[in-house]
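Start at 1 and go down the list; that is how both ligands and their atoms are numbered.
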Amino acid sequence: MSLDQVQADYSSDALEAYFGTSLSVADPDVAALVVSERTRQKQHIELIASENVVSRAVLEAQGSVFSNKTVEGYPGARYHGGAEIADTLETLGTRRACELFNAAEANLQPHSGSQANLAVFSALLDPFDSVLALDLKCGGHLSHGAKANISGKLFTIHAYGLRPDTGFIDLDQVAEAARIHRPKLIVAGGSSYPRALDLKAFRQIADDVGAYLLVDMAHFAGLVAGGVLDNPVDYADVVTTTTYKSLRGARGGMILWNRDDLTRRLRAAVFPGVQGSPLLNMMAAKAVGLGEALQPSFRRYAEQVQLNARALAGQLLADGLSVVTHGTDTPLMLVDLTDLDFDGQTASDKLAAIGITCNKNLIPNDPRSPAKTSGLRFGVSAMTSRGMVEKEARRIGTWIADCLLGRITSHQMIHRDVLALARRFEFY
Ligand SMILES: *Cc1c(COP(=O)(O)O)cnc(C)c1O
């Protein structure tokens, strides 16, 4: 490279361009994708249970200069300089998490819910130790011991399932499996279990066999924060969650606990155990989201999420679809398609064609593969954030049922109605 070239690259014009050019000018390809994605989100009814719509403030924090800062360790004990402000940020976010969930300790560093779970597993267990968790086929999460996940490779996993008659967790089976396998850790919570957990029963079973109890509240954390569901922190040794589902904050994970004697192990398990430096821009956005969840208006949101979930599930049932457990206590529900002659993939394609986004999902003891499935999972966190209430939930329920049960003459007409509804609930 010639000296002229170096001087050109480091000229004040070049630097000004580097620091001053907006995305749309600097990278029109990516900028166009951002615009397309925003339009897609606005023009669809979003029913993917693990999604939500964050506030402008959360988005802004994610895009802030905290993106530039690297730290390792914890506030007051970092490996890098210039961390004073980062320390204040992490302390603020942690304090908010503790206040929101009435916990003595919180760790906001996990990059995701799966990372949070891996950290807890590695803090509490040695390799080959035994774990009892909800079967993946019954709504458990990959990070709770699936064979393909690191948790399933490092530890000895035993599964409990659901009562075939009700679809609720079979607590007798949990207790019996606990007596037989003597797990060191029992995990409650899952990715498609629609009902409130019997926290007292799980605590009792864990105590009976001397196991730790981990509750993963990823999907329903927002309802706990809003006082709608019982707080797992009052029962479990450790609680993990994502921050971006019903909690409506930045993408990422979080760990909460009360027991002093676990603090050192849990912190060390996150860093340096399974992660390096935290994503401080996401830490800032997590702090903003937790601040929002502490506002009285969030309680109202959480209540509406549960009302909308029940209204949607009720409408799907009334219109002739089969809903696992006949309802829900959480933001999510599971529709059983076994009586229809197509699978979950086809069903979600049909709904996509009328502007409704959801995901295929295994139903309890599904005869089909995870790539096909016999179910659909719906969640109402995102539509509720846009301002929709029961009336809209019921309308959406009827569209879904009509579409899946072949009661539509014109897909175009329904798609037009879906679009019109989406347009009435603008965001950003
Ligand atoms: C979504 C979810 C997670 C973690 O998700 P990430 O994709 O890793 O953020 C963990 N546990 C449960 C029960 C979940 O539903």
Side-chain angles (χ1 to χ4, degrees), residues 46-52 54 58 62 107-122 131-146 148-152 155 157 159-162 169 185-197 199 202 213-225 229 232-233 236 238-256 269-270 274-275 278-279 282-283 285-286 289 305 309 324 328-334 358-362 364 370 375 377-382:
E46 181 55 67
L47 295 180
I48 292 179
S50 35
E51 293 190 18
N52 209 326
V54 297
V58 167
Q62 287 178 193
N107 190 315
L108 268 60
Q109 294 198 5
H111 301 329
S112 74
S114 300
Q115 293 285 91
N117 285 332
L118 179 60
V120 174
F121 275 47
S122 66
V131 177
L132 179 60
L134 179 60
D135 198 332
L136 190 64
K137 293 204 272 311
C138 295
H141 191 261
L142 287 165
S143 62
H144 298 175
N149 184 269
I150 181 93
S151 56
F155 307 105
I157 307 294
Y160 59 85
L162 308 171
I169 287 174
L185 172 69
I186 297 176
V187 187
S191 66
S192 56
Y193 185 67
R195 291 296 181 168
L197 300 170
L199 296 166
F202 270 104
L213 177 62
L214 164 65
V215 174
D216 180 346
M217 62 172 180
H219 275 286
F220 60 89
L223 299 201
V224 173
L229 290 178
V233 176
V238 185
V239 173
T240 51
T241 184
T242 54
T243 41
Y244 61 89
K245 295 176 185 172
S246 58
L247 194 50
R248 199 165 63 169
R251 300 198 74 77
M254 181 163 80
I255 308 173
L256 303 149
V270 176
V274 303
Q275 289 188 176
L279 313 172
M282 302 312 278
M283 180 79 75
K286 280 176 187 172
V305 167
V324 176
T328 177
D329 305 314
T330 66
L332 70 87
M333 68 211 67
L334 205 52
C358 66
N359 64 280
K360 64 184 167 192
N361 207 102
L362 293 173
R377 188 183 66 161
F378 299 118
V380 300
S381 298

Ligand 1 versus A218, non-hydrogen atoms closer than 4.0 Å: side chain, backbone, both, neither? side chain

Minimum-distance protein heavy atom relative to atom 12 (C) of ligand 1: D216 OD2, 3.3 Å

Please report which non-hydrogen protein atom sits nearest to atom 3 (C) of ligand 1, along with the residue it belongs to and the distance in Å to one decimal place. H141 NE2, 3.3 Å

Side-chain contact, heavy-atom cut-off 4.5 Å: H219 with T330? no

Return the set of residues passing salt bridge (Lys or Arg N to Asp or Glu O under 4.0 Å) with R251 (not counting sequence neighbours), or none when no residue passes. none

Which residue holds the protein heavy atom closest to atom 6 (P) of ligand 1, what is that atom called, and what is the gap in Å? Y244 OH, 3.4 Å

Minimal heavy-atom distance between E51 and S381, with the atoms involved, is O-CB, 3.8 Å

State if G190 counts as touching ligand 1 under the rule of any non-hydrogen atom under 4.0 Å. yes

Stepwise side chain to side chain donor-acceptor pair (under 3.5 Å) test for Q115 and Q275: CA-CA 8 Å; Q115 293 285 91; Q275 289 188 176; 3.3 Å; yes

Looking only at protein heavy atoms, which one is nearest to atom 8 (O) of ligand 1, and what is the separation? S114 OG, 2.7 Å

Testing the basics here: between V58 and G249, what is the closest heavy-atom pair and its distance to 0.1 Å? CG1-C, 4.2 Å

N or O contact, T242 vs ligand 1, cut-off under 3.5 Å: no

Which bit of K245 gets closer than 4.0 Å to ligand 1, counting heavy atoms only: side chain, backbone, both or neither? side chain

Determine whether N117 and S151 satisfy the following criterion, side-chain contact (heavy atoms from CB on, under 4.5 Å), listing intermediate values before the conclusion. CA-CA 9 Å; N117 285 332; S151 56; over 6 Å; no

So which of S143, P110, G113 gets nearest to atom 4 (C) of ligand 1, if we judge by its closest heavy atom? G113

Among all residues two or more places apart in sequence or in another chain, which pass the ring pair (Phe, Tyr, Trp, His ring centres under 6.0 Å) test with Y193? none

What atoms in ligand 1 come closer than 4.0 Å to a heavy atom of S191? 13 (C), 15 (O)

Indicate, as side chain, backbone, both or neither, the part of H219 found under 4.0 angstrom from ligand 1 when only non-hydrogen atoms are considered. side chain

Where do P110 and K286 come nearest, in terms of heavy atoms and distance? O-NZ, 2.9 Å

